[in-house]
2 protein chains.
Amino acid sequence: MRSAFYISDGTAITAEVFGHALLSLFPIEFNHVTIPFVETEQQAKEVLQQISVSFQDSQERPLVFHTIVNTEIRHIIANSVGINYNFLDQFVAPIEKVLGVPSKPEKHRTHSIHETTYDIRIDAVNYALNNDDGANLKNYHEADIILVGVSRSGKTPTSLYLALQYGIKAANYPFTEEDMGDVLKLNPALRRFKDKLFGLTIQAERLHQIRSERRANSRYASMQQCRMELREVENLYRKEKIPFLNSTKFSIEEISAKILATTGLKRRKY
Amino acid sequence: MRSAFYISDGTAITAEVFGHALLSLFPIEFNHVTIPFVETEQQAKEVLQQISVSFQDSQERPLVFHTIVNTEIRHIIANSVGINYNFLDQFVAPIEKVLGVPSKPEKHRTHSIHETTYDIRIDAVNYALNNDDGANLKNYHEADIILVGVSRSGKTPTSLYLALQYGIKAANYPFTEEDMGDVLKLNPALRRFKDKLFGLTIQAERLHQIRSERRANSRYASMQQCRMELREVENLYRKEKIPFLNSTKFSIEEISAKILATTGLKRRKY
């Protein structure tokens with residue numbers, strides 16, 4: 001199998017996203033190898049060696065995606081026996097022309113702790129954990145958004161993703177039988193911050209499947225219970241005009257991006 | 001201020017990473033605008049309008065980074081009044097030549113739920129939450145890695161990031177006074193899975209600062225206590241040959257990338 005290398009003197013996250021977006025357009029499998037923090041000439045030469053070995057083993061030239069700020073190291077990697085792609089090279093010069101200023105590469109600018117928003121993200125992660133699963137109804141004044149929905153509709157992973165990626169403080173609250181009574185109602189804490197609510201829903205079949213993996217053959221996992229709970233929450237969303245989306249066919253990334261697009265919520269990190 | 005637009009018929013995460021990596025090379029501030037899920041011609045035309053308004057307001061042509069799979073929509077956006085960059089365009093043809101097969105663009109290939117590793121990531125997030133902060137010592141046989149360290153050294157956000165981004169099951173365990181006694185020792189649960197342990201440490205000044213934000217003037221936050229705990233854990237790491245890193249100057253992304261590089265732990269998602 002042909003190898004794809006992602007190489008950087010930083011985390012290599014940018015090289016991975018760049019290469020992965022390109023390779024996902026091709027119906028071919030690759031052996032993916034990420035090598036972050038290549039910071040010395042010695043390390044760069046070891047990487048060359050690794051690329052050569054991969055070439056010899058597979059008899060196919062590896063694709064090498066790299067985003068290296070350090071000039072000497074970049075030159076070493078750019079001369080590997082692989083086929084080398086550096087998207088920075090191609091785009092920096094035209095952007096310099098447009099902006100009328102030279103680029104000033106600083107190592108580790110992206111994905112580093114030097115971003116001013118770093119502490120905001122950690123605070124947001126702590127907030128999401130402390131206000132997960134209806135744990136704390138007293139902190140909703142601090143929330144940027146409060147995700148609501150039935151148990152296992154995707155609230156917790158989405159809250160964590162919003163915190164880690166965007167520095168957004170997301171609480172989440174699961175509607176349970178207690179809230180349902182005859183008909184599902186918002187409790188006072190949620191009603192008070194109604195403008196912050198965002199609802200998730202999910203297909204009954206998918207919910208049944210997810211809950212069955214946790215508690216097989218329980219009332220909690222039964223199709224009847226799943227259908228009833230989903231009918232109740234969707235009625236509530238419509239009645240109270242709470243924006244909502246069906247998470248069934250979407251990844252955490254897609255749900256999060258849709259929430260930002262729908263609500264106009266501002267992220268604290270780009 | 002000049003605007004930078006990130007536009008896609010998917011999440012726009014790739015366009016953001018691509019544009020952000022380039023713009024971070026320039027000492028200029030931008031007004032960042034992300035527009036995901038541009039899926040109809042009508043939406044694309046509204047985006048053109050938004051780009052025009054931004055141009056009129058700032059009198060500077062916006063930079064438009066886009067990764068759009070749908071051909072019609074791509075053509076509409078590529079003709080905006082902004083300066084348009086699509087890195088796929090530049091790289092797809094050369095890669096087709098190397099691989100000897102045509103590209104087969106499918107919308108939403110990256111960052112979507114269609115990735116086969118999706119459920120693995122959700123399981124890993126649940127694992128991280130259920131095994132956060134020493135909550136559950138009985139599940140360590142399932143862990144891919146167990147992060148250890150003193151309270152507030154970065155274990156929890158790192159565990160969550162490893163789960164969300166890479167589908168890695170990371171437990172974490174905080175060393176507390178109970179573990180310390182005369183000298184810090186590994187409890188039986190940790191000793192049994194010693195090969196999975198990875199230690200975090202942090203500068204005493206930074207730890208003091210973080211803990212003071214939580215409990216000002218407490219013994220917990222005092223410099224003396226921070227120094228003592230850090231000395232104990234670092235001695236333990238050395239004595240037991242537990243790999244470790246100092247998280248002070250690193251972001252969650254950097255810590256996670258370094259852990260993968262050091263341990264050789266395989267990610268379940270690329």
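Letters A, B, ... are given to chains in the order of the sequence lines, protein chains preceding strands, and every chain is numbered from 1.
Annotation: cation-pi pair A:Lys258/B:Phe37 present, NZ/CZ under 6.0 Å from the ring centroid and within 45° of its normal.
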May I have the step-by-step check of side chain to side chain contact (heavy atoms under 4.5 Å, CB included) for B:Phe250 and A:Thr11, ending in yes or no?
CA-CA 10 Å; B:Phe250 298 123; A:Thr11 61; over 6 Å; no
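For the atom pair CD1 of A:Ile95 and CZ of B:Phe26, the computed distance is 5.5 Å after rounding to the nearest 0.5 Å. For the atom pair B:Glu253 CD and A:Ile13 CD1, the distance stands at 5.0 Å (nearest 0.5 Å).
In this structure, the portion of A:Thr156 lying under 4.5 Å from any heavy atom of chain B is its side chain and not its backbone. Only the side chain of A:Leu129 comes within less than 4.5 Å of a heavy atom of chain B; its backbone N, CA, C and O stay farther away. Of the two parts of A:Ile28, only the side chain, counted from C-beta on, holds a non-hydrogen atom closer than 4.5 Å to a non-hydrogen atom of chain B. Looking at A:Ile83, only its side chain comes within 4.5 Å of chain B, counting heavy atoms on both sides. Contacts of B:Val125 with chain A are made by side-chain atoms alone, with heavy-atom separations under 4.5 Å and no backbone atom involved. Looking at A:Leu63, only its side chain comes within 4.5 Å of chain B, counting heavy atoms on both sides. For B:Arg61, no part lies near chain A; criterion is any non-hydrogen pair under 4.5 Å. For B:Glu60, no part sits under 4.5 Å from any heavy atom of chain A, backbone or side chain.
Across B:Ala257 and A:Pro36, no two heavy atoms sit closer than the pair O-CG, 4.0 Å.
B:Ile252 is listed as a side-chain neighbour of A:Ile122, based on a closest heavy-atom distance under 4.5 Å. Here the side chains of A:Val98 and B:Arg2 are in contact, with some heavy-atom distance below 4.5 Å. Side-chain atoms of B:Leu260 and A:Thr34, non-hydrogen and from C-beta on, never get closer than 4.5 Å to each other. Counting heavy atoms from C-beta on, the side chains of B:Gln165 and A:Gln165 come closer than 4.5 Å.
Using the six-membered ring where Trp is involved, A:Phe18 and B:Phe91 have ring planes that are perpendicular, over 60° apart on the 30 and 60° scheme.
Looking at B:Asp119 and A:Arg206, a side-chain N of the basic residue comes within less than 4.0 Å of a carboxylate O on the acidic one, giving a salt bridge.
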